[in-house]
Amino acid sequence: MERNVYDILEERGFLKQCSHPEELRDLLGKEKVTFYIGFDPTADSLHIGHYVALMSMAHMQRAGHRPIALLGNGTAFIGDPSGKTDMRTLMSKEQLAYNASCFQKQMSRLLEFGEGKATIVYNGDWLYPLNFLDFMRDIGVYFSVNRMLTAECYKQRMERGLTFFEMSYMLMQSYDFLELNRRYGCVLQMGGDDQWSNILNGADLIRRKEQKPAFALTTALLTTSDGKKMGKTEKGAVWLDKEKCSVYDFYQYWRNVGDQDVEKCLSLLTFLPMDEVRRLGSLPGEQINEAKRVLAYTLTAQVHGEEEAKAAQSAAEALFANGADLSGIPTCVLSSDDISASGLRVTDLLVLAKLASSKSDARRLIEGGGVFINDEKVSTVSDILDATKIERDGAIIRKGKKSYCRIIKA
RNA sequence: GGAUGGGUUCCCGAGCGGCCAAAGGGAGCGGACUGUAAAUCCGUUGUCGCAGACUACGAUGGUUCGAAUCCAUCCCCAUCCA
């Protein structure tokens, strides 16, 4: 008898809250369960926060259950308000459709799609045609405002203000669950712990309206040991798309996680057996770097493939431990226009290499002594790179200790 | 709809006619120290070839030699009343 996936999720630290733990565990142990997680396609790539959710889906699928990835092109049309303070930006249906297709591509690396396997659905399919009055009569009546306001997530919002839309977001998400229950016999919704009340209410809706069992389960959010959100870089989120976050940067991000966070990352983001995870996580002192290498390599390989991961790893070894292969580090190819426009001034090159956000920024970096070319410190702001250095293998320009870019002539 | 208080740089938050590119904190970046970690200390954080100029304090106009600071209109937000 295989292990119950519920126990696996629990052991790996995914489990946060569950509406009916015993009942759900039993169910997962005895039959193929259809479940779903929703994703709002508000960007053209998934980021690492989504990845935890994908991992939980993958574990479920490996245990024989059937995942549905719901793409919220309907809900995202208005914008998800939870936790956001900034204005929700309105997105066109076309943009949402494009984003959704990007999501789908990235998901297929971890989930197996096909007949009887994982499926992708779009909630716009049923939300766009929805009639407001019907919806209120059929669904709205099941939601008590009093009860909603006692929910923790709304309590916090009460201080800053709450719009009617935010209240109804829960109804829409609950309705999604109901719709999936009817269409696909979906009985479980999973998601990040911040989604708890939305998910729970969906399950309740099914139980009340359909008189059928439905379950809610939330998984841990990726946070650092001091409770901050993980997956942020200077450029924003850690994206899964290598155009938005280079493989090298991706690798480096994990290579540099805090000591306290390695074990958690290994267990949530990789499939390594737990005793190995625990062994790596408890390595003392400097040896913990071994765990970080494993994490960085394994996760990069999962997301970008073995080849890319190897390149990133050897580039990292090359730069930090004087290895040889530099092919994997980010490279900036200069056209002859770039060369004449920049005059090969180091400040301009830093901008071209995306190591500095502006020339002013570049200047500050140089003044602060943080810029090196082929390991020689750039001492003055007005420095110009010798044109012969970008021939052949090019010049390695470095910002600080960890950011590199190879400058090479086209 | 009415009353009151607000909208400031990445975030929080001071400033309330010139000394403001704007205090302080957070976060980021760089340096030192290290283990490509954390903590700590130092520097830095609008743009442009630096001095200097330009663009910025919800939006648009106005008053002033001079506005983030005063006035008008508008838009948004919070609290209370309906």
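First the proteins, then the strands, lettered A, B, ... as listed; each starts at 1. Since this is a predicted model, take the numbers as computed values, not measurements.
Listed nucleotides: B:C29, B:C50, B:G35. Nearest to the side chain of A:E286: B:G35. Nearest to the side chain of A:R345, among B:G49, B:G31, B:G35, sits B:G49. You'll find that the side chain of A:K401 is closest to B:C33, out of B:C33, B:C29, B:A37. Closest to the side chain of A:F372, out of B:C29, B:G31, B:A37, is B:G31. When the nucleotides B:C50, B:C29, B:G35 are ranked by their closest atom to the side chain of A:L365, B:C29 comes out on top.
Cation-pi geometry between A:R207 and A:F215 is met: under 6.0 angstrom from the ring centre, within 45 degrees of the axis. Geometrically, A:R255 does not engage A:F320 in a cation-pi contact defined by less than 6.0 Å to the ring centre and at most 45° from the axis.
To the nearest whole angstrom, the two P atoms, one in B:G6 and one in B:A14, are 10 Å apart. On the C1' atoms, B:C10 is 27 Å away from B:U60, given to the nearest whole Å. B:C75 and B:G24 are spaced 37 Å apart, taking the P atom of each and rounding to whole Å.
Within the nucleic acid shown, A:R255 comes within 4.0 Å of at least one base atom, counting heavy atoms only. A:K359 comes within contact range of the sugar-phosphate backbone alone, with a heavy-atom separation under 4.0 Å but no base atom that close. Within the 4.0 angstrom heavy-atom criterion, base atoms lie near A:S360.
Look at A:R364 and A:E367 and you find no salt bridge, because none of the NZ, NE, NH1 or NH2 atoms lies under 4.0 Å from a carboxylate O. Note on A:D386 versus A:K389: no salt bridge recorded, every NZ/NE/NH1/NH2 to OD/OE distance being 4.0 Å or above.
Atom CD in A:E367 sits roughly 8 Å away from atom C1' in B:C50 (whole-Å rounding).
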